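Reading through the structure tokens given below for one structure.
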Amino acid sequence: MVVTRFAPSPTGYLHVGGARTALFNWLWARRTGGTFILRIEDTDQKRNTPTAIRQVIDDLRWLGIQWDEGPEAGGPNGPYLQSQRRDIYDKHIKQLLDEKKAYYCFDTPEELDALRRQAQNQKKAFSYRRPEDFPDAEDAKKARAKGRSVTVRFAVPQDEPMVVADIVRGEVTFAAGEIGDFIIQKNDGFPTYNFACVVDDYLMKVTHVIRGQEHLMNTPGQQALWKALGFGDFPKYAHMSVTVSDTGGKLSKRERPKAIRKAIKAMQDIDLEKLAEAGSISLEELEAFINGKTAVDMPCIDAMAKHLGAALPEINIVDFFKSGYLPETMVNFLGLLGWNPGDNREIMPVDELIESFDLSRLTKANSLFDRQKLLAFNTEHIRIAPGEKLLQHFKDYLKAIESPAVSADSRLLSKIIKICEGARTLADIERKSRFLFLDNSQIKYDDKAVKKVLLKNDGLAVLTTVRDKLAAMEQFTEQAIEDMLRCLAEEKQVGLGKVAQPLRVAICGTTISLSIFNSVEMLGKEKTLARIDNTLKKVKKDTGCSMLDTRKNGE
RNA sequence: GGCCCCAUCGUCUAGGCAGGUCCAGGACACCGGGUUUUCAACCCGGCAACAGGGGUUCGAAUCCCCUUGGGGCUACCA
């Protein structure tokens, strides 16, 4: 029986890299009829943010990735938050200590830093020098009493090479002595990732560890721990390629802080105090962050980015939700990043993904997250999505972005969706239909559109004519409107655009909307006429004023 | 610096492990044309890659080595 797990550290929203890892684990469990576990690795007291678990859960749910065991779902191997499993880790650490397979250390961070620098200078890899005699519990007690930092290190066997059998990469060998003794329990009593992960994977009976390549170097150490704890056979490992951003590095939660740091450094005279204020942190915290010493909370990152006017890479799953992407798109696209079914299929519903998924087809090379291809996928998924489903997605989207269309009824929304055939994102649909849900007074005129369509040629005159014709219409149907506009265009010996565009700008304020016939019909006669009148009034007034203004400035 | 991973069109990739069927296939992007009431969508056509060098072999995208390039790790982060 296959058991996989996704084990995020809750430091922010779920990003696309994490989502892909979760997806592959989930696909493999579904494919094999196994179990998929969600485990929260919240062992770092400094970095965890209070709302992050909720965010990760929501994002996974949105994607449709359901876990069989984990927070909220429960299960026989809980608790699923590592912070609630302290006693379990303590027990295993004591076991290693008793068996002399681990030992106490009392070094300060400064001392360790110095040792590392020394190794660097000698062009050697840093490896912690294991003491001849291990301090005992009594020594640890004394050290603690004296205020020294107390950690526990695992004595990694140094006598033979270590081999990781990896599904993606084959056998990866590490020379004997390559992996130094590493810390398994921190001064604050929490286990480190490398320890908690091993204990939990064993206790949760995980059979397949599918994770990013960044963990490959952790694996020999984890395997050694596994052995030392007497856990028996290792799980199978699959270290996936990582997804990189177009700026080069690993596409991860580190990307956004990285981008901010870069932006800060790139700016010459920057007011750090104001920036800290914008992020609601202290100046010291900000400086520590800039130097890469500490992490800051997500909202803080966002706030600082806004303050700086810096564009952050859009890497969180929620970003894509709010940009109008479908979960089906994300699942399909992410699934094809570093995996493929072996034939030319690309657009696949999730069932097909599950059916075709196989760990043996994971690719080795890192891949770039291509937004344009994602857009193409989204276009296609919008096209093939069943009406009901698409409607629900659209409603969720409207709510998330607080669109004025949020209160519209299902019938109307369905009609709008249908009219928008060929839309690339839900945002496209919303943008094109938004004008229907605004009050007449809320219409904002796009300057460019007004200039290009109304002020050029005889846009205003055409609009006036159109107004009169519309006013005279008894049947205000889509067909009647179309007939009238086409007829008028023919009469005037111009393209339909020449009569349609001024009308469009008048009722929407922009040059982009639903098809003009639909736009007018759905808005209704009364509002259409009112908006045309408003437009005529406003444009005439504005042009008059602007002429006055220029004259004033000239004098 | 040390260790590890990776390398096919601009991008995601098929082909590689079982060498000939590959003067390298698909998709996105791009370019040209068509359709068109806006934005899209759609239709037709086109451009475009085996990182470089050395081996092995009758034969190499495929196997081996080196170089170069990219990425990861090198934390009391995960």
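Since the structure is predicted, the reported quantities are computational estimates derived from the model, not experimental observations. We name chains A, B, ... by the order of the sequence lines, and we start the count at 1 in each one. What's counted below: heavy atoms across the whole structure, side chains too, no hydrogens, waters or symmetry copies.
- For the pair A:D113 CG and B:rA75 P, the computed distance is 9 Å after rounding to whole Å.
- Taking atom CG of A:L523 as the reference point, atom C1' of B:rU37 lies 17 Å away to the nearest angstrom.
- In this structure, A:T363 reaches the B:rU13 phosphate: one of its side-chain N or O atoms is under 4.0 Å from OP1 or OP2.
- For B:rC5, the OP1/OP2 oxygens have no side-chain nitrogen or oxygen of A:K364 closer than 4.0 Å.
- The base of B:rA27 is paired with the side chain of A:K373 by a donor and an acceptor separated by under 3.5 Å.
- Between B:rA18 and B:rU62, the two P atoms lie 15 Å apart (nearest whole Å).
- B:rU21 and B:rU68 have their C1' atoms separated by 33 Å, with the value rounded to a whole Å.
- In this structure, B:rG19 forms no base pair with any nucleotide, since neither Watson-Crick nor G-U wobble geometry is met with both distances under 3.5 Å.
- Looking at heavy-atom distances under 4.0 Å, A:T192 makes contact with sugar-phosphate atoms alone, never a base.
- Residue A:R431 has no polar side-chain atom (N or O) positioned under 4.0 Å from OP1 or OP2 of B:rC39.
- Between A:F357 and A:F24, the angle of the ring planes lies from 30° to 60°, which puts this pair in the tilted group.
- Protein atom CD of A:Q372 is 7 Å distant from nucleotide atom P of B:rA29, rounded to whole Å.
- For the pair A:N340 (side chain) and A:L336 (backbone), a donor-acceptor distance under 3.5 Å is absent.
- RNA chain B is contacted by both A:G342 and A:S513; A:G342 maps to the nucleotide lying nearer its 5′ end (nearest heavy atom per residue).
- At the heavy-atom level, A:E178 lies under 4.0 Å from the strands shown only through sugar-phosphate atoms.
- Heavy-atom distances to RNA chain B give each of A:D343 and A:P191 a nearest nucleotide, and the one nearer the 5′ end belongs to A:D343.
- Closest approach to the A:P109 side chain among B:rU37, B:rC76, B:rC5 is made by B:rC76 (side chain taken as heavy atoms from C-beta onward).
- Following rounding to the nearest Å, A:L375 (CG) and B:rA41 (P) show an atom-to-atom distance of 9 Å.
- Looking at heavy-atom distances under 4.0 Å, A:H215 makes contact with a base.
- Comment: A:E521 engages A:K415 in a salt bridge, judged by a side-chain N to carboxylate O separation of less than 4.0 angstrom.
- Relative orientation of the A:H239 and A:Y237 rings is parallel, given thresholds of 30° and 60° on the angle between their planes.
- Counting non-hydrogen atoms under 4.0 angstrom, A:T43 reaches the backbone sugars and phosphates but no base.
- At a threshold of 4.0 angstrom between heavy atoms, the contacts of A:R504 include nucleobase atoms, whether or not backbone atoms are also involved.
- Among the protein residues, A:E421 comes within range of the nucleic acid bases, having at least one heavy atom under 4.0 Å from a base atom.
- At a threshold of 4.0 Å, the pair A:D370-A:K373 does not count as salt-bridged, since none of the basic side-chain nitrogens sits closer than that to a carboxylate oxygen.
- Shown here, B:rG46 forms a base pair with B:rC30; the pair counts as Watson-Crick or G-U wobble because both key distances fall under 3.5 Å.
- In this structure, A:I382 atom CD1 and B:rC42 atom P are separated by 12 Å, rounded to whole Å.
- Picking from B:rA78, B:rU38, B:rC5 the nucleotide with the shortest atom distance to the side chain of A:R169 gives B:rC5.
- An OP1 or OP2 oxygen of B:rA14 is reached within less than 4.0 angstrom by a side-chain nitrogen or oxygen of A:N340.
- When ring centroids are compared, A:F320 and A:F369 come within the 6.0 Å threshold.
- Taking only side-chain nitrogens and oxygens, A:R117 never comes nearer than 4.0 Å to OP1 or OP2 of B:rG2.
- Each of B:rU37, B:rA75, B:rC5 was ranked by its minimum atom distance to the side chain of A:S515; first place goes to B:rU37.
- Computed from coordinates, the A:D181 CG to B:rU74 P distance equals 16 Å when rounded to whole Å.
- For NZ of A:K186, the number of neighbouring non-hydrogen atoms (other residues, nucleotides, ligands) closer than 6.0 Å is greater than 12.
- Here A:K186 reaches the OP1 or OP2 of B:rC77: one of its side-chain N or O atoms lies under 4.0 Å away.
- Across the protein-nucleic acid pair, A:R371 atom CZ and B:rC28 atom C1' stand 14 Å apart, rounded to whole Å.
- For the OP1/OP2 pair of B:rC39 and a distance below 4.0 Å, the side-chain nitrogens and oxygens of A:T511 include no atom meeting the criterion.
- When heavy atoms are screened at a 4.0 angstrom cut-off, A:D44 is found touching the sugar-phosphate backbone but no base atom.
- Proximity of A:R116 to the phosphate of B:rC76: a side-chain N or O atom is located under 4.0 Å from OP1 or OP2.
- For A:K432, taking side-chain heavy atoms from C-beta onward, the closest of the listed nucleotides B:rC39, B:rC12, B:rG72 is B:rC39.
- In this model, no donor atom of one side chain and acceptor atom of the other lie less than 3.5 Å apart for A:Q222 and A:H215.
- Rounding to the nearest 0.5 angstrom, the gap separating the OG1 atom in A:T21 from the CD1 atom in A:I210 is 9.5 Å.
- A:E111 has a carboxylate O that lies under 4.0 Å from a charged side-chain N of A:R148, or vice versa, which qualifies the two as a salt bridge.
- Atom CD1 of A:I183 is separated from atom P of B:rU74 by 13 Å (rounded to the nearest Å).
- Taking the P atoms as reference points, B:rA48 lies 14 Å from B:rG26, given to the whole Å.
- Using a 4.0 Å heavy-atom distance criterion, A:R383 is classed as making no nucleic acid contact.
- Across all strands, A:F377 comes closer than 4.0 Å to no nucleic acid atom at all (heavy-atom distances).
- Comparing the C1' positions of B:rA7 and B:rG52 gives a spacing of 12 Å, expressed to the nearest Å.
- Using a 4.0 Å heavy-atom distance criterion, A:G170 is classed as making no nucleic acid contact.
- B:rU68 and B:rA7 make up a base pair, with Watson-Crick or G-U wobble contacts both under 3.5 Å.
- A:Q120 contributes no side-chain N or O that forms a donor-acceptor pair with the base of B:rG2 under 3.5 Å.
- The phosphate of B:rU13 (OP1 or OP2) has a side-chain N or O of A:S367 nearer than 4.0 angstrom.
- Counting any heavy atom pair closer than 4.0 Å across all strands shown, A:I516 reaches a base atom.
- Between A:R424 and B:rC39, a side-chain N or O to OP1/OP2 separation shorter than 4.0 Å is absent.
- For B:rG16 and B:rG1, the C1' atoms lie 34 Å apart once the distance is rounded to whole Å.
- Closest contact between the side chain of A:Q213 and the listed nucleotides B:rG71, B:rC4, B:rC76 involves B:rG71.
- The base of B:rA78 lies close enough to the side chain of A:N218 for a donor and an acceptor atom to sit less than 3.5 Å apart.
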